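Right, one structure below, let's go through it.
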Amino acid sequence: MALTREQLAQRVAQEFQDGYYVNLGIGIPTLAANYIPSDMQVVLQSENGLLGMGPFPLEEEIDADLINAGKQTVTMVEGAAIFSSADSFGMIRGGHVDLTVLGAFEVDCQGNIASWMIPGKLIKGMGGAMDLVAGADNIIVTMTHASKSGQSKLLSECTLPLTGKGCIRRVLTDLALMDIEDGKFILRERAPGVSIEEIINLTGGKLVVPDHVPEMTF
Amino acid sequence: MALTREQLAQRVAQEFQDGYYVNLGIGIPTLAANYIPSDMQVVLQSENGLLGMGPFPLEEEIDADLINAGKQTVTMVEGAAIFSSADSFGMIRGGHVDLTVLGAFEVDCQGNIASWMIPGKLIKGMGGAMDLVAGADNIIVTMTHASKSGQSKLLSECTLPLTGKGCIRRVLTDLALMDIEDGKFILRERAPGVSIEEIINLTGGKLVVPDHVPEMTF
Amino acid sequence: MSGFDKVVTSYEEALAGLEDDMTIIAGGFGLCGIPENLIKEIKRKGTKGLTIASNNAGVDGFGLGLLLEDKQIKKMIASYVGENALFEAQMMNGELEVELTPQGTLAEKMRAGGAGIPAFYTATGYGTPVGEGKEVREFDGRHYILEEALNGDFSIAKAWKADRHGNLMFRKTARNFNPMAITAGKISVVEVEEIVEVGQLDPDEIHLPGIYVNRLIQGTFEKTIEQRTVRTA
Amino acid sequence: MSGFDKVVTSYEEALAGLEDDMTIIAGGFGLCGIPENLIKEIKRKGTKGLTIASNNAGVDGFGLGLLLEDKQIKKMIASYVGENALFEAQMMNGELEVELTPQGTLAEKMRAGGAGIPAFYTATGYGTPVGEGKEVREFDGRHYILEEALNGDFSIAKAWKADRHGNLMFRKTARNFNPMAITAGKISVVEVEEIVEVGQLDPDEIHLPGIYVNRLIQGTFEKTIEQRTVRTA
């Protein structure tokens with residue numbers, strides 16, 4: 001069975017380590033914050049200028065001056081810090097964030113990512129995504145393995161305009177967790193009940209299948 | 001009579017305008033702060049990270065955490081602001097300071113300035129001088145017109161390593177106030193009792209003497 | 001002795017000198033910390049042909065979206081746009097030129113503009129459409145592109161508190177692009193919620209010194225919220 | 001749940017891993033805001049062959065001057081030196097390499113190192129010995145030189161107050177180079193006067209977020225004054 005959104009978020013959360021500063025993109029990545037293990041502390045960076053983002057506010061806590069990068073009202077945790085956008089992206093570009101999780105339209109086995117533009121259709125802009133993928137050493141891309149019509153999103157070469165070149169090394173889809181090494185996807189884990197064959201069929205780029213590919217556990 | 005240090009400082013202060021943010025170098029420039037006209041407000045920038053520098057502290061006010069760019073203990077005036085060295089030089093380099101006053105060893109009629117190094121003799125470093133001359137539009141250099149042995153410091157070409165190239169447009173010496181335009185010194189004012197001839201004799205670079213050269217008034 | 005008193009009392013005065021075809025650097029992220037009343041004044045003035053650098057372009061009927069109604073904007077430099085239908089329509093039919101710029105690069109371009117850095121290298125955008133036509137250079141085995149500083153004829157921004165000299169404090173994530181935007185404009189205009197007397201702000205707690213501020217005005221703010229998300233107790 | 005607790009309790013632990021021939025980025029201006037106890041610990045450790053980037057090099061017997069006594073410094077990157085005789089002697093006889101860097105360029109090189117900007121252009125130093133061998137480029141009719149970022153294996157710095165997560169506040173002009181120095185080191189070590197519990201600092205008043213701080217130690221400081229100047233009432 002393909003992972004649900006919640007399972008994707010849960011699997012992302014397994015990558016967290018105690019003491020990690022993490023930037024979570026809009027959508028599934030943001031959900032991962034709900035699954036931080038209780039014996040662990042993670043601090044969330046929001047690229048509009050906040051380190052130490054908390055949950056959504058209670059109705060009476062809403063503050064128009066306190067939003068996240070998705071423009072949603074949020075709160076701050078104890079120990080939070082505020083800074084300007086220039087300082088925020090200095091932090092990101094300088095590689096100080098330990099883990100970045102974001103969505104994408106396509107990833108290829110060269111580590112390229114396309115996530116911001118569909119020519120003639122979606123031209124809203126890249127926001128902070130290009131800075132995030134250029135700045136982080138440790139990035140996880142989350143997305144569905146294939147489109148609804150069965151087109152693979154894991155390609156030998158991205159077809160859409162790139163967000164970043166050669167910067168992605170780990171991809172989590174609803175079917176599998178893969179690393180990218182030397183121009184190949186390496187299958188690391190598969191979703192419970194999903195066969196290796198199905199993953200092979202739905203992966204466009206070169207895929208290496210190790211002898212043992214464990215199922216994900218939650 | 002050549003100007004005294006105090007007169008030099010007084011003449012510098014005549015360049016102040018109400019509302020000017022001013023950076024004063026070590027020595028005579030610093031003295032100019034004592035002659036700010038009483039109907040005028042000037043805010044002093046100290047490049048180690050302070051806008052709104054006040055006078056030296058009373059004995060009981062001394063604070064090791066509050067010094068100026070000359071490493072002297074100072075105070076802050078009301079409305080002062082503190083910032084980092086990077087922000088301070090962003091302010092300077094970005095041209096936000098209205099007037100910069102600093103000393104020099106030599107100035108030439110191309111607007112070059114040498115103020116930081118005498119090969120084999122004085123190699124202490126340029127501190128912030130190179131940033132200051134590169135960042136300001138409005139600079140006054142103050143120095144003696146000639147060395148004790150009568151060598152002119154206003155040359156057709158600086159002989160010492162430069163602090164900045166083509167950036168000086170106004171020089172105040174103990175004998176004269178000059179502008180620099182199109183490769184020439186233009187004599188604007190002379191010290192009380194100093195003859196134009198004396199100034200001509202002690203100026204190495206090309207000097208233009210207008211029909212009327214008023215004496216400075218204090 | 002009023003040389004440092006930056007306070008003006010009308011929005012008309014605040015934007016005096018703003019003319020057609022000028023470039024404006026604007027603070028704000030989404031609708032958070034935007035100079036909403038200065039934008040309304042630009043609409044009232046009817047200034048046209050503007051180039052505006054701002055992370056976003058507001059929404060229909062609020063923020064910079066207001067300036068689209070009478071087609072006052074010629075060109076937007078932004079990282080994320082199209083939260084409003086009018087923007088998309090004007091962009092699609094070519095009435096509005098859009099220069100999409102990564103968010104961090106945009107912030108750094110404004111900072112560079114204010115700090116006298118004409119250009120810098122960044123890895124952001126290398127190998128993407130953003131890097132096209134820009135110089136590529138290798139440092140330590142990695143590729144970077146050259147990005148140039150942004151400067152404006154005016155900058156418009158919003159802060160929380162100011163003293164009369166223009167020393168500024170921002171509040172929470174309404175800080176965002178505001179400090180850099182202010183430094184990058186030849187004439188910088190800042191609207192604030194509260195103006196206090198000089199000496200009332202702690203020098204260590206000032207986020208941006210008054211040297212960057214030319215005009216200061218106290219306003220009242222709607223503070224429209226774009227995405228009102230809540231949790232239940 | 002101690003992942004974010006940056007506090008260490010001994011200076012030995014604070015500088016664990018510092019080895020011969022490493023590069024250190026140090027905060028401070030003159031003797032103001034210098035990490036005086038971390039410097040003493042480097043002296044005690046006897047680490048040699050160090051490259052140190054710091055605006056100044058201390059004085060005889062205090063600050064970085066201490067590290068000259070046992071010839072621990074191989075190279076200084078600084079804007080103003082020679083306030084001490086030992087420095088001058090070692091520089092003159094070639095024991096100590098010195099790379100003089102304009103103060104603003106030095107600050108910006110540290111900031112760039114921390115902010116992932118590999119290089120930037122500046123007018124500072126163009127046409128002077130500082131510009132020799134560096135690329136010159138014209139922007140808008142003005143000449144600029146290319147300066148590269150500075151990064152260190154360690155950075156050592158001094159702040160005023162911190163919470164246990166390493167969120168920092170500096171005091172008065174002791175801020176100076178400290179914030180940038182901290183961002184530019186692979187391992188950053190900060191000594192402070194006071195450590196408070198997490199949640200006690202106002203998020204709007206933090207000068208440098210804890211993400212940049214790896215180790216934090218509380219010290220007591222001599223705060224030697226270089227030029228004690230006073231006025232009489």
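The structure presented is a predicted model; accordingly, all values stated were derived computationally and were not measured. Note on naming: letters A, B, ... go to the chains in the order of the sequence lines (proteins, then strands), and numbering restarts at 1 for each one.
Nearest heavy atoms, C/P129 versus A/L162: CD-O, 3.6 Å. A pairwise comparison of heavy atoms in A/P55 and C/R231 identifies CG-NH1, 4.0 Å as the closest pair. Considering all non-hydrogen atoms of both residues, C/L100 and A/K124 come closest at CD2-O, 4.4 Å. When all heavy atoms of C/R175 and A/F83 are compared, the closest pair comes out as NH1-CA, 3.9 Å. Nearest approach of C/Y80 to A/K71, heavy atoms of both residues: CD2-NZ, 3.7 Å. The shortest non-hydrogen separation linking C/K172 to A/D65 is CB-O, 3.2 Å.
Ranked by heavy-atom pairs under 4.5 Å with chain A, the list C/P102, C/A174, C/A123 is led by C/P102. Residue with the most contacts toward chain A among C/T229, C/V230, C/T173: C/T229 (heavy-atom pairs, distance under 4.5 Å). Chosen from C/N178, C/T101, C/L106, the residue pairing most often with chain A at heavy-atom distances under 4.5 Å is C/T101. Among the candidates A/A69, A/A114, A/S88, the residue making the largest number of heavy-atom pairs closer than 4.5 Å to chain C is A/A69. The candidate from C/A78, C/A107, C/G131 with the greatest count of non-hydrogen atom pairs under 4.5 Å with chain A is C/A107. For the set A/S84, A/G49, A/A80, the entry with the most heavy-atom pairs within less than 4.5 Å of chain C is A/S84.
Only the side chain of A/E61 comes within contact range of chain C, with heavy atoms under 4.5 Å apart. For A/T163, the part lying near chain C is the backbone, with the side chain staying farther off; criterion is any non-hydrogen pair under 4.5 Å. Contact annotation for A/N68: only backbone heavy atoms (N, CA, C, O) come within less than 4.5 Å of a heavy atom of chain C.
Within the model, atoms OG1 of C/T128 and CH2 of A/W116 stand 6.5 Å from one another, a figure rounded to the nearest 0.5 Å.
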